[in-house]
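Have a look at the structure below, then the notes.
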2 protein chains.
Amino acid sequence: MNGRTDGGDGLVRINGVALWRQIADRIRQSIGNHEYDETGMIPPETELAERFGVNRHTVRAAVAALSREGVLRSERGRGTFVVRQELYSFPISRRTRFSEGLGEQARVFDGDLLETCEEPASAKLAERLGLEAGARVIRVETVRRADGVALSRSSSWFPSERFAGISEAFLATRSVTAAFRKLGLHDYVRKHTDVTASHAMPDDCKALGLSPGAIVLIARSLNTDLDGVPVQYAVTRFAADRVRISIDSEA
Amino acid sequence: MNGRTDGGDGLVRINGVALWRQIADRIRQSIGNHEYDETGMIPPETELAERFGVNRHTVRAAVAALSREGVLRSERGRGTFVVRQELYSFPISRRTRFSEGLGEQARVFDGDLLETCEEPASAKLAERLGLEAGARVIRVETVRRADGVALSRSSSWFPSERFAGISEAFLATRSVTAAFRKLGLHDYVRKHTDVTASHAMPDDCKALGLSPGAIVLIARSLNTDLDGVPVQYAVTRFAADRVRISIDSEA
DNA sequence: GAGTATTTGTTCGTATGTATG
DNA sequence: TCATACATACGAACAAATACT
């Protein structure tokens, strides 16, 4: 069966990744690139099948997966439509804050505190936060949503000594900025951010409502107070099909 | 590490991605996170099989795939070893330049010009470059390598009118900075960068030597001259298991 | 309203790939 | 290496809802 003389578009059978999943990914990407017109209707299954050089069943499997994810919605006799075209744009700058950054892209922002605990810092973490090896830190696990859609999942670490009670403060205010303020820190800045990407772990799928095999953008970031003393290290995992990271390099 | 406590297992049997490929991706990620000790030796197959809750055959398939990619090297009787531990870190700032940024992380940098042509700008591209709709642009497709390893693949667009001959200049110098200089533009700055992630397309796999199903980090960037006039729009696709994007938010 | 084309939804069967023991 | 169970992909229908003339 594998004589896949890739017709119009180029798609090759790949070891280990099902054809329907590759097609789902390409459709998802086409949506992100605004390759479909404004009606939000994607080409009919027969046309996609021909374009990708696969059977219609295979396209249907891809569309079914995207429908389960809430990306597409099919209507018998009418066609298949994109549910939401735009990615949320998450800006990174010296003054990065979560909900402020997303600004007017959604009407409602909220989040959950999944878990919090105090633990000894690993060697790497202690170094990043400028603490002595084994110093205690408070870890806070959160999920952020915009208009009810989960966008990201974060693990944050704060020095215990300076920010005792930060998890309660966060729980009360649902905002790191506000929690810091409650504890006497009135301003902080983003020092550095590293961005990588990887497949979603089972935890990500659960917390973000992703279909397994989805991609997450991972931002590892360090915030400091105005004197340059580290106050927070965070690993944030964004659903890559919902969020774009945006960097303005202004002078 | 990281207190992530997925208790040893945490592998979901997902539709569309073969188990051995998921395991290969997790091993790749563990390497990126430095979860293996400095000897570079990964746990024996039986242990990995037990940890992931799969048959040893399946782990072997994953290790075989990573060995084909050059990520692992198995030695009979000794074990399986990581070939290169570190990700290359690609910094983004107002003065982003490709090889300067990678600096001392590799000994040899080079690249190929895959293809170049002149074409009319799409509506979106014209807007981004501040051109009239349908103005002509020069597109340049390149691949960049560090120490012989392909890191990224770029499509760049330059306004034809201002930068006629840029592809020849780039071909001669192998550097955008030098090519600009040849054409009389002595300095330029990075205005904006958008980062997303997606599965590698067949073209990426070919150009970057990726195994299918791999992930690419996609940076869409705009460079301007010192007067703020756009001079280059580029889409760069990085192999996510080789490169990390790094953002310093200095004042 | 009738008739036709278009589009998604469903059911067979068959061959190959993946994972286990 | 072999045998078994399940997922993936193909092909050829046909059914049902919608859109257009």
Side-chain angles (χ1 to χ4, degrees), chain A residues 1-28 30-31 35-83 199 202 205 211-214, chain B residues 9-28 44-69 76 199 202 205 211-214:
Chain A
M1 73 120 218
N2 223 357
R4 173 128 15 276
T5 60
D6 47 10
D9 231 305
L11 200 53
V12 202
R13 178 71 169 98
I14 285 161
N15 274 345
V17 183
L19 265 180
W20 65 261
R21 173 153 290 286
Q22 297 178 63
I23 290 169
D25 289 330
R26 296 203 40 177
I27 293 174
R28 214 198 323 260
S30 295
I31 294 170
E35 288 171 25
Y36 303 130
D37 63 22
E38 295 168 359
T39 66
M41 192 174 104
I42 72 171
E45 293 166 354
T46 49
E47 190 182 322
L48 288 174
E50 191 184 4
R51 186 183 302 179
F52 290 127
V54 301
N55 193 276
R56 185 164 78 99
H57 286 306
T58 310
V59 170
R60 283 181 59 72
V63 169
L66 293 173
S67 298
R68 277 194 303 273
E69 282 179 48
V71 173
L72 295 178
R73 190 187 65 250
S74 293
E75 295 176 29
R76 155 134 64 169
R78 297 209 336 119
T80 301
F81 301 85
V82 178
V83 171
H199 285 113
C205 296
S211 84
Chain B
D9 63 277
L11 194 62
V12 177
R13 176 169 220 138
I14 67 179
N15 285 336
V17 182
L19 267 180
W20 64 261
R21 171 155 292 287
Q22 296 179 63
I23 290 169
D25 288 330
R26 302 240 340 213
I27 294 174
R28 218 197 319 261
E45 289 169 358
T46 49
E47 190 181 321
L48 288 173
E50 191 183 2
R51 187 181 305 178
F52 291 128
V54 300
N55 196 277
R56 183 168 153 259
H57 290 313
T58 311
V59 170
R60 284 181 61 75
V63 170
L66 291 172
S67 298
R68 276 195 306 274
E69 280 179 53
R76 174 179 225 160
H199 284 109
C205 296
S211 84

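Note: hydrogens, waters and symmetry copies are ignored here, and every other heavy atom, side chains too, is used. Chain letters run A, B, ... following the sequence lines, proteins first and then strands; every chain starts at 1.
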Sequence-distant partners of Arg56(B), salt bridge (charged side-chain N to carboxylate O under 4.0 Å, His left out), two or more places apart: Glu45(B)
Record whether the side chain of Arg56(A) comes under 3.5 Å of the base of dG9(C) through a donor-acceptor pair of N or O atoms. yes
Quiz question: going by heavy-atom distance under 3.5 Å, is there a donor-acceptor pair between the base of dT18(C) and the side chain of His57(B)? no
Any side-chain N or O of [X] less than 4.0 Å from the OP1 or OP2 oxygen of [N]?
| X | N | result |
| --- | --- | --- |
| Thr80(A) | dT7(C) | no |
| Asn55(A) | dA9(D) | no |
| Thr46(A) | dT7(C) | no |

Does any part of the side chain of Ile23(B), heavy atoms only, come nearer than 4.5 Å to the side chain of Leu48(B), both counted from C-beta?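 Not in contact.
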Just the atom pairs and distances: protein N or O near nucleotides 16-19 of chain D's N or O, under 3.5 Å.
{"unit_1": "dA16(D)", "atom_1": "O4'", "unit_2": "Arg76(A)", "atom_2": "NH1", "d": "2.8"}
{"unit_1": "dA19(D)", "atom_1": "OP1", "unit_2": "Arg78(A)", "atom_2": "NH1", "d": "3.1"}

Taking the side chain of [X] as its heavy atoms from C-beta onward, which of [options] lies nearest to it?
| X | options | result |
| --- | --- | --- |
| Arg60(A) | dT20(C), dT8(C), dT8(D) | dT8(C) |
| Ser74(A) | dT8(C), dA9(D), dT18(C) | dT8(C) |
| Ala18(B) | dT20(C), dC10(D), dA19(C) | dA19(C) |
| Trp20(A) | dA9(D), dT20(C), dT18(C) | dA9(D) |

Provide the closest heavy-atom pair for Trp20(A) versus Ala61(A) in the form atom of the first, atom of the second, distance. CB-CB, 3.6 Å
